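Worksheet: one structure, shown below.
Nothing here was measured: the structure is a model prediction, and the numbers come from that model. Convention: sequence-line order gives letters A, B, ...; per-chain numbering from 1.
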Amino acid sequence: MPELPEVEVTRLSLADRIAGARIESVRMGKPLRWPLGIAADALVGRTVRAVRRRGKYLLLDLDDGLLLLHLGMSGSLHFAPRQPAAGAHDHFDLYTDRGILRLNDPRRFGAVVYAAAEDSAQAVKLLGRLGVEPLTEAFDPVAFHAGLKRRHAPVKQVLLAGDLVVGVGNIYASEALFLAGIRPTLRASRISRPRAEKLRAAVRDVLARAVAKGGSTLRDFSSADGQAGYFQLEAMVYDRAGLPCRVCGTAVKSIRQGQRATYFCPNCQKS
DNA sequence: AAAAGCCCCTGGATGC
DNA sequence: TGCATCCAGGGGCTTT
């Protein structure tokens with residue numbers, strides 16, 4: 001579920017409410033992708049200062065150190081003064097004087113990792129290879145085109161890789177390529193400067209609109225205050241195999257790239 | 001260096 | 001109803 005828009009929507013629904021919260025206790029469920037990296041009790045007494053986002057990671061800045069949270073494929077975070085009794089898929093609860101932050105993650109591809117500082121080895125291992133933030137000015141047309149130029153993989157997979165630009169997952173990669181009129185199988189190196197600019201604009205546009213719609217709720221995503229997202233209703237191609245293209249009526253095609261589904265319109269995305 | 005595969009894990013949908 | 005198979009929003013790691 002969680003690509004940049006869902007993670008950002010989570011952050012926005014959480015940051016103001018949790019800022020200043022003092023950690024009173026921590027409950028861990030089943031193991032997530034990686035160990036926490038600190039004794040849970042050592043977090044007690046620390047204060048959450050702010051919540052930032054880097055790619056698909058949420059960074060909880062503490063007055064001492066930070067927590068890196070990742071929602072994986074099936075994770076969601078909720079923050080409320082009270083929470084129901086922990087269920088089978090609630091694997092991390094941060095009890096604070098402002099409320100309980102709970103990570104629910106059935107598949108447990110998600111993670112909560114403590115790092116002493118953002119430049120500590122632990123943090124750099126996870127954040128170090130990440131590309132540019134697409135919704136900032138740093139996502140620059142010249143650098144983006146140059147980055148595409150040096151990659152020979154299909155452009156869809158270059159978008160997904162996250163080392164050129166972050167936050168674009170399987171839904172939004174297909175959507176952005178549709179908006180840019182680019183075939184997902186096209187080798188990144190073969191994209192012209194004007195088409196790279198079109199793709200850059202499409203990535204920004206689709207991600208920003210998805211944030212505005214509260215993200216995409218395909219199964220069970222909701223923001224930290226429980227709001228579902230509605231962007232999936234506007235999807236042009238994602239999960240629409242065989243259905244008519246919303247622009248030209250041609251049947252949307254589904255293929256597999258790197259063991260993930262890709263959707264595109266063979267007519268609107270000819271090359 | 002870059003690309004391609006392989007997994008981690010659970011649950012829902014589909015097919016026999 | 002039961003059981004097997006396939007698929008799912010990610011991404012680090014290993015192998016080519």
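Distance from the side chain of Glu3(A) is smallest to dG10(C) among dG10(C), dA8(C), dA4(B). Listed candidates were dA4(B), dG11(B), dC6(B). Nearest to the side chain of Gln259(A) is dC6(B).
A donor N or O paired with an acceptor N or O is found under 3.5 Å between the base of dA8(C) and the side-chain atoms of Arg107(A).
Using a 4.0 Å cut-off between a side-chain N of Lys or Arg and a carboxylate O of Asp or Glu, Glu133(A) and Arg53(A) qualify as a salt bridge.
Within the shown strands, nothing qualifies as a pairing partner of dC9(B) under the Watson-Crick or G-U definition with both distances less than 3.5 Å.
Counting non-hydrogen atoms under 4.0 angstrom, Arg260(A) reaches a base of the nucleic acid. Residue contacts shown for Gly169(A) are limited to sugar-phosphate atoms, with no base heavy atom under 4.0 Å away. In this structure, Ala261(A) reaches the sugar-phosphate backbone alone: every heavy-atom distance under 4.0 Å involves primed, P, OP1 or OP2 atoms, never a base.
Classification of the Tyr238(A)-Tyr263(A) ring pair by plane angle, with boundaries at 30° and 60°, yields perpendicular.
Protein atom CG of Asp105(A) is 16 Å distant from nucleotide atom P of dC8(B), rounded to whole Å. What separates CZ of Arg187(A) from C1' of dA4(B) is a distance of 11 Å, to the nearest Å. Distance, Asp163(A) CG to dA2(B) P: 8 Å, rounded to whole Å. For the pair Lys156(A) NZ and dA4(B) P, the computed distance is 13 Å after rounding to whole Å. Summarising the geometry, the separation between CD on Glu6(A) and C1' on dA8(C) is reported as 14 Å, rounded to the nearest angstrom. In this entry the distance linking CD of Gln257(A) with C1' of dA4(B) reads 13 Å, nearest Å. Atom CZ in Arg219(A) sits about 7 Å away from atom C1' in dG12(B), given to the nearest Å. Whole-Å rounding puts the Gln232(A) CD to dA8(C) C1' distance at 15 Å.
A donor-acceptor pair under 3.5 Å is absent between the side-chain atoms of Arg129(A) and the main chain of Lys125(A), judged by distance alone.
The side chain of Lys30(A) contributes no N or O atom lying less than 4.0 Å from OP1 or OP2 of dC9(B). Residue Arg256(A) places at least one side-chain N or O closer than 4.0 Å to OP1 or OP2 of dA8(C). Between Arg108(A) and the phosphate of dC8(B), there is no side-chain N or O to OP1/OP2 separation shorter than 4.0 Å.
For the P atom pair drawn from dC7(C) and dG5(B), the interatomic distance equals 16 Å after rounding to whole Å. To the nearest whole angstrom, the two P atoms, one in dC6(C) and one in dC6(B), are 14 Å apart.
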Identify all pairs in which a protein N or O lies below 3.5 Å from an N or O of nucleotides 12-16 of chain C, and state each distance.
| unit_1 | atom_1 | unit_2 | atom_2 | d |
| --- | --- | --- | --- | --- |
| dG12(C) | OP1 | Tyr57(A) | OH | 3.2 |
| dG12(C) | OP2 | Arg129(A) | NH1 | 2.4 |
| dG12(C) | O4' | Arg33(A) | NH2 | 2.9 |

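Ring-base stacking between Phe109(A) and dG11(C) is not satisfied when judged by a centre separation under 5.5 Å and a plane angle under 30°.
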Open item on the list: Quick one, Arg33(A) with Arg108(A), criterion side chain to side chain contact (heavy atoms under 4.5 Å, CB included). Give me CA distance, side-chain angles, the key distance, then yes/no.
Closed with: CA-CA 6 Å; Arg33(A) 180 162 190 172; Arg108(A) 292 191 284 126; over 6 Å; no

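Side chains of Ser74(A) and Asp105(A): a donor on one and an acceptor on the other come within 3.5 Å.
Heavy-atom neighbours of Asp16(A) CG from other residues, nucleotides or ligands within 6.0 Å: at or below the threshold of 12. Shown here is Arg190(A), whose CZ atom has no more than 12 heavy atoms of other residues, nucleotides or ligands within 6.0 Å.
The line from NE2 of His145(A) to CD1 of Ile191(A) is 8.0 Å long, rounded to the nearest 0.5 Å.
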